[in-house]
Amino acid sequence: MLARAWGAVLSGVDAIPVRVEVDIGSGLPAFSIVGLPDSTIQEARDRVRGALTNSGEQYPMVRITANLAPSDLRKQGAGLDLVLALGIAVANEQAPPDGLTGRLFCGELGLAGDVRPVRGALQAAEAARSAGLKEIVCAPSNAREAALAGLPVLPVATLKDALDVVRDRVRLAPVVEDAEALLHTTVYSGPDLAQIRDQDHAKRAFEIAAAGGHNILLSGPPGSGKTLLARALPGILPPMTLTEALEVTRIHSAAGLLFPGESLIRTRPFRAPHHGTSASGMVGGGSGFTKPGEITLAHRGVLMMDEFPEFPRSVLESLRQPLEDGFVTVTRSRETKSYPARFMLVAAMNPCPCGHAGTERPCRCPPRTLEIYRQRLSGPLLDRIDMHVPVGRVETKRLLSETDGTRSAVVRERVERARTFGRGRHDTLGVTCNAEIPLGKLIELCALDEATAPILTRAANRYGLSARTVHRVLRLARTIADLDGAESISKAHLHESLTYRVVTKDADL
Ligand SMILES: Nc1ncnc2c1ncn2[C@@H]1O[C@H](COP(=O)(O)OP(=O)(O)OP(=O)(O)O)[C@@H](O)[C@H]1O
Ligand SMILES: [Mg+2]
């Protein structure tokens, strides 16, 4: 007999619904799986046999063929174990075919018949919804995550439980999740801006960066608070929308980074990869080719690159495309995948290897060392960072004083107000912040009046600013105007925006 059921496999960070057909025919005992399965799916044959026999079910000693459609798509992962085992039981007439109808099954099997969680349960459930299915059957620790797709989820801890569902012997209470309600229970646990003494210039820069989603490079001596400032950034960013939270959850689920039983990720990601991270760890790929990289894990959040010049050149250069486009394309011998990567880059560096160039302490670096250090950061990469912010040493007297700084919650309110001010502009373009305003709309949305435009022209000519820098200065100026609640960009807004790219005094321009 032939059995048909739905499963799903991951492809990058997306799930692809798979039609699983299991046929039992006469012939010598064998179990073959066709439809471009990888080695993990081939190994399912042994897990499925063990799980069926150890659950007290019969494993048919005949010729079993499983076909995975669409057959031209390479499939990987152990998530099809459950559906294959159920397919065999139905094809062998141990369970009725109706029990498979309208449901998507996802789960890995242990030899004892236990159903284990899979990566990408949320996107598998979303794929089921798009395919018009009615229910998801998966491991209990995947249930809350899968329920975010809006379909009822039946949690099964063992293959026996799953067979009971298919045989209609039990009615499980479906797990449902209210994603919108979850979103309002966000907690933030990082440092508060009020704990950071002085550094008003850097704090202002962070407020602007948060309001417009701009990239930022901090440069200053050791122990001046660069890492501390970067860690405080998520606390002043607006909470994620439901769409953003679902995007982030999908990515973390595909990477296997959700805790068992976790559902919606509500806090913006903060990733701080070490400078020893490889290029594939950074942008994604690797031999298995399914893992998203750090820049994708930082999607909709912050990518902190501490000790920026210490990252290998290949890693730094691999950031150029994603910083511009908001996604990364990784090509390996067999396939090409695109991963989302819209993150805020916070880079931090010392001014020189000893860390004291430009400070009151003498710099001990030989000129050649200094030159090599600075050359590590290419012009095109620096060009993509909107704000270059020097961070100075804090006076000890101030470190010992009571805190009097503005709290993160107050700054976040200002940031949210600025984003609300620009919302009409963003919504029509389908973007979330000023840093994402596309080139085609830039001149219209970041228009300068007759008195202001010549300032930018003079600055560009004097400092040799690239076209990209000019455009980034405009977006930044638009954000500063938004924080001010101003419809048009004034001279003061433009001047402030220029100070993050060139060393200038108002009177200069
Ligand atoms: N502005 C500040 N206010 C309060 N504490 C500070 C400040 N700056 C530095 N500190 C203290 O110094 C410690 C080190 O700061 P942080 O790690 O941010 O320095 P850094 O600039 O990143 O240094 P490095 O260049 O060595 O990485 C902090 O954990 C904190 O205790
Ligand atoms: Mg640091």
Side-chain angles (χ1 to χ4, degrees), residues 7-10 12-15 77-79 81-82 104-110 114-129 135-158 161-162 172-190 231 234-235 237-273 284 290-303 339-341 343:
V9 291
L10 261 182
V13 293
D14 301 314
D81 289 5
L82 177 63
L104 182 136
F105 301 87
C106 61
E108 180 182 330
L109 288 177
D114 44 319
V115 178
R116 295 179 180 157
V118 295
R119 291 187 284 132
L122 166 58
Q123 40 274 61
E126 287 173 332
R129 198 188 53 205
E135 278 177 336
I136 316 294
V137 181
C138 66
S141 52
N142 272 155
R144 289 189 60 210
E145 174 200 339
L148 292 171
L151 290 182
V153 177
L154 306 180
V156 290
T158 61
D161 291 350
L172 295 176
V175 174
V176 282
E177 253 332 46
D178 184 346
E180 196 76 55
L182 278 175
L183 205 58
H184 298 296
T185 56
T186 309
V187 278
Y188 166 71
S189 57
R231 292 203 172 271
L237 283 171
M240 287 192 284
T241 61
L242 183 56
T243 315
E244 290 176 326
L246 286 170
E247 287 173 15
V248 172
T249 309
R250 259 178 235 129
I251 291 168
H252 282 69
S253 175
L257 293 178
L258 287 191
F259 298 112
E262 190 176 0
S263 75
L264 193 68
I265 294 187
R266 287 153 280 169
T267 41
R268 289 187 185 271
F270 181 93
R271 304 292 300 182
T290 45
K291 283 266 160 86
E294 288 293 335
I295 60 170
T296 299
L297 293 172
H299 182 65
R300 301 290 176 206
V302 177
L303 180 74
Y339 296 102
F343 56 88

* Given side chains that start at C-beta, do those of Glu108 and Val115 come closer than 4.5 Å, heavy atoms only? -> no

* To do: May I have the step-by-step check of side-chain contact (heavy atoms from CB on, under 4.5 Å) for Ile251 and Leu257, ending in yes or no?
  => CA-CA 9 Å; Ile251 291 168; Leu257 293 178; over 6 Å; no

* To do: Please tell me if the side chains of Leu109 and Arg116 come closer than 4.5 Å, counting only heavy atoms from C-beta onward.
  => no

Show me the side-chain donor-acceptor pairs of residues 137-155 shorter than 3.5 Å, one per line, residues at least two apart or across chains.
| unit_1 | atom_1 | unit_2 | atom_2 | d |
| --- | --- | --- | --- | --- |
| Asn142 | OD1 | Val118 | N | 2.7 |
| Asn142 | ND2 | Val118 | O | 3.3 |
| Arg144 | NE | Glu177 | OE2 | 3.0 |
| Arg144 | NH1 | Gly261 | O | 3.3 |
| Arg144 | NH2 | Glu177 | OE2 | 2.9 |
| Arg144 | NH2 | Ser263 | OG | 3.4 |
| Glu145 | OE2 | Ala121 | N | 3.2 |
| Glu145 | OE2 | Leu122 | N | 2.9 |
| Glu145 | OE2 | Ser253 | OG | 2.5 |

* Can Arg271 and Leu303 be said to form a side-chain contact (heavy atoms from CB on, under 4.5 Å), step by step? -> CA-CA 5 Å; Arg271 304 292 300 182; Leu303 180 74; 4.1 Å; yes

* Do Leu237 and Val302 come close enough that some side-chain heavy atom pair is under 4.5 Å? -> yes

* Non-neighbouring partners of Gln123 that pass side chain to side chain donor-acceptor pair (under 3.5 Å), sequence neighbours left out -> none

* Asked: Does any non-hydrogen side-chain atom of Leu264 lie less than 4.5 Å from one of Leu242?
  -> yes

* Asked: Hey, does His299 have a side-chain heavy atom less than 4.5 Å from the side chain of Glu247?
  -> yes

* If only atom types and distance count, is the side chain of Asp161 paired as donor or acceptor with the main-chain N or O of Val156 below 3.5 Å? -> no

* Asked: Of all residues at least two apart in sequence or in a different chain, which pass the side-chain contact (heavy atoms from CB on, under 4.5 Å) check with Pro269?
  -> Val248, His252

* To do: Report the distance from atom CZ of Phe105 to atom CG of Asp81, rounding to the nearest 0.5 Å.
  => 14.0 Å

* **Arg231 atom CZ, over 12 foreign heavy atoms within 6.0 Å** => no

* Structure fact -> When rounded to the nearest 0.5 Å, the distance separating CD of Glu244 from OG1 of Thr249 is 11.5 Å

* Is it true that a side-chain atom of Thr296 and a backbone atom of Pro340 form a donor plus acceptor pair closer than 3.5 Å? -> yes

* Euclidean distance, Ile295 CD1 relative to Tyr339 OH, rounded to 0.5 Å -> 10.5 Å

* So, Arg268 side chain and Arg300 main chain: donor-acceptor pair closer than 3.5 Å or not? -> yes

* To do: Please round to the nearest 0.5 Å and tell me the distance separating atom CG of Leu183 and atom CZ of Arg266.
  => 8.5 Å

* Check: Phe259 main-chain N/O paired with Glu262 side-chain donor or acceptor under 3.5 Å -> yes

